[in-house]
Amino acid sequence: MKHALKIGIWLLAALTAFSCQKERGAGAVGERDLFVSLDTRAADENVAQNDNLFRSLVFYFFTDDGTNSKTVFRSFTPGRDTYEEVFRLPVEATRAVVIANYEDSDLERTLSLTMNYDELTSLVATKSLDFQPDQLLMLGEAAVPQSGAMSIELVRLVARVDVHVFGTPELVTGRSVKVRSVQLAGQVLNTTMRPGDAGMPAAPVTRTRTKDELDYTVGVRPSEVTAATAPAARFYSFQYVPGTTAADDVPELTVVLDVDGMEMTRTCRIADAAHPDCKLLRNTIYRVLAEVKSSGISVSVDVLDWQTEESDIEWGDVSTATFECGPMTPPSTADGELTVVYDQIPGDARMQSFEFYITAPVGALWNASLTNSTDFAFSDINGGVQNGVVVAGGQPAYIRVMATSPYRQVQGADGSMTDPSTRLVISLQKAGSSDFEALLINPDLLYGSTDAHVYQIVQKEQ
């Protein structure tokens, strides 16, 4: 299992190729709808103090030459670990940059709606206050496809340093040994906003951070130290890369202990034989295992990736879909038909409304259609929709069907006059295909239907 932070963001292009979307004018020429799902909830034993949450997001979309195509800001209270939204984008948008928790860092310039790619990625962010675990700055970039699925690797721009302090049997046996304070010198307070391994700013800002009054009891080092083992202290720092700053700014730890009432101080760098360069890289955990001796200190460093589990969109056959569909209002005639009545001012009372869930395959597109679009249409009143994307866990969607013209009888196939009617069909995109397949939404053939793939709706006279 890997442990570096990869927050999966999937953009699914819901292009306006479906006939029913064209009927309602889902997008102007040159635009497309993109579904965005951001999820940080995957199990990760190395997540601590909610350092997988975000309180603010900004989505930047750019063209090939870096021109701003669209910008969207979002804020949340309290912090979240998942987010979903559909964006309407120009087809020229080919690149996406996402920043999480931008509100908790001071930027050289205020993020604007029109900022281009070069302006954005040349910024430097600085921390004037202490790092808050649930508001760590995150950044990601990826190409935007015209269709299909994509993921963005959204990484924390900080390193995390977990300091574990142990004592040799000689030191701790028969003694009271406690950690009073741990100090990190050379904590880096600013960072570039360039994606990837972007080094450090030209003028790094550092400080010394002390955590005191810890009262942490020191024992002998166990046979295994895991994420469940509580550290004596935890620090966050923006990236440190050797050679960028003067030697005096190399991150260094100082541990102050109380040994039977006597103060003992030990100093070490975050380095060992396997990690000699003292780097503190983005999106990385440094588990420092410091063993205090009567005459010194020895250090080993576990360098861990810091991520939630990678999540991929799993495309399955239509047969894997879990579907629930049923009228939200009871049949309005003694014959058990689903009926609608024309009204110049449409309202819920004169429509047929359906609530349904599709829970698999996650990421697949679904689309509703009517066989008679002359006398009937979908309504967007009270959140009515006619297409969407299947999301993890399932979310209720609402389809509302209304009559579009005053009642009149129409001629049936046998020549007799009858009420106008339509059939509602819901289709799901096949795995790895642009084709759609109708779902079995009415297996019990309710409300006069003779086809398990449809609900029949009849218009009645007012």
Check each of L123, T126, L137 against S105 using the side-chain contact (heavy atoms from CB on, under 4.5 Å) test, and report the only one that passes.
->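 Among L123, T126, L137, the one that satisfies the side-chain contact (heavy atoms from CB on, under 4.5 Å) with S105 is L137.
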Picking from V250, L253, V163, V303, what satisfies side-chain contact (heavy atoms from CB on, under 4.5 Å) with I270?
->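 For I270, the side-chain contact (heavy atoms from CB on, under 4.5 Å) test succeeds with only one of V250, L253, V163, V303, which is L253.
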For T208 and Q183, what are the C-alpha separation, side-chain angles and deciding distance, and is it a side chain to side chain donor-acceptor pair (under 3.5 Å)?
-> CA-CA 7 Å; T208 297; Q183 182 183 89; 5.2 Å; no
Does the pair M200 and V188 meet the rule for a side-chain contact (heavy atoms from CB on, under 4.5 Å), with working shown?
-> CA-CA 9 Å; M200 298 176 67; V188 182; 4.0 Å; yes
Working to the nearest 0.5 Å, report the span between [atom1] of [X] and [atom2] of [Y].
X	Y	atom1	atom2	answer
I99	E141	CD1	CD	10.5 Å
E119	Y60	CD	OH	9.0 Å
E92	F62	CD	CZ	15.0 Å
S369	I426	OG	CD1	9.0 Å
I441	H453	CD1	NE2	9.0 Å
W366	S427	CH2	OG	10.5 Å

Step by step, work out the side chain to side chain donor-acceptor pair (under 3.5 Å) result for T94 and D64.
-> CA-CA 6 Å; T94 59; D64 283 338; 2.7 Å; yes
Is the shortest distance from a Lys or Arg side-chain nitrogen in [X] or [Y] to a carboxylate oxygen in the other one below 4.0 Å?
X	Y	answer
K178	D215	yes
D212	R180	no
D162	R234	yes
D51	R160	yes

Give me the atom names and distance for the closest heavy-atom approach of [X] to [Y].
X	Y	value
R287	A227	NH2-N, 3.4 Å
D277	P242	O-CG, 2.9 Å
A100	F54	CB-CB, 4.1 Å
P133	Y236	CB-OH, 3.6 Å
G167	V172	CA-CG1, 3.7 Å

Please check if the side chain of [X] supplies one atom and the backbone of [Y] the other of a donor-acceptor pair under 3.5 Å.
X	Y	value
R207	L189	no
T284	R282	yes
N190	V205	yes

Look at the aromatic rings of F238 and F131 and report parallel, tilted or perpendicular, splitting at 30° and 60°.
-> perpendicular
Verify the distance criterion only: is there a donor paired with an acceptor across the side chains of [X] and [Y] at less than 3.5 Å?
X	Y	answer
N116	T67	no
R194	T121	no
N68	T71	yes

Under 4.5 Å between any side-chain heavy atoms of [X] and [Y], yes or no?
X	Y	result
Q239	L280	no
F59	V97	no
F356	Y398	no

Do R95 and Y117 meet the cation-pi criteria used here (NZ or CZ under 6.0 Å from the six-membered ring centre, within 45° of the axis)?
-> yes
Geometric cation-pi criterion, K279 with Y240: 6.0 Å, 45° | no
Taking side chain to side chain contact (heavy atoms under 4.5 Å, CB included) as the test, write out the residues that go with T168, two or more places apart.
->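 Checked T168 against side chain to side chain contact (heavy atoms under 4.5 Å, CB included); matches are E170, L171, E291, K293.
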What pairs with Q135 under side chain to side chain contact (heavy atoms under 4.5 Å, CB included), at least two apart in sequence or on another chain?
-> R55, N101, D104, Q132
Residues pairing under ring-ring contact (aromatic ring centres under 6.0 Å, His included) where one sits in residues 279-299, two or more places apart or in two chains, turn out to be H275-Y286
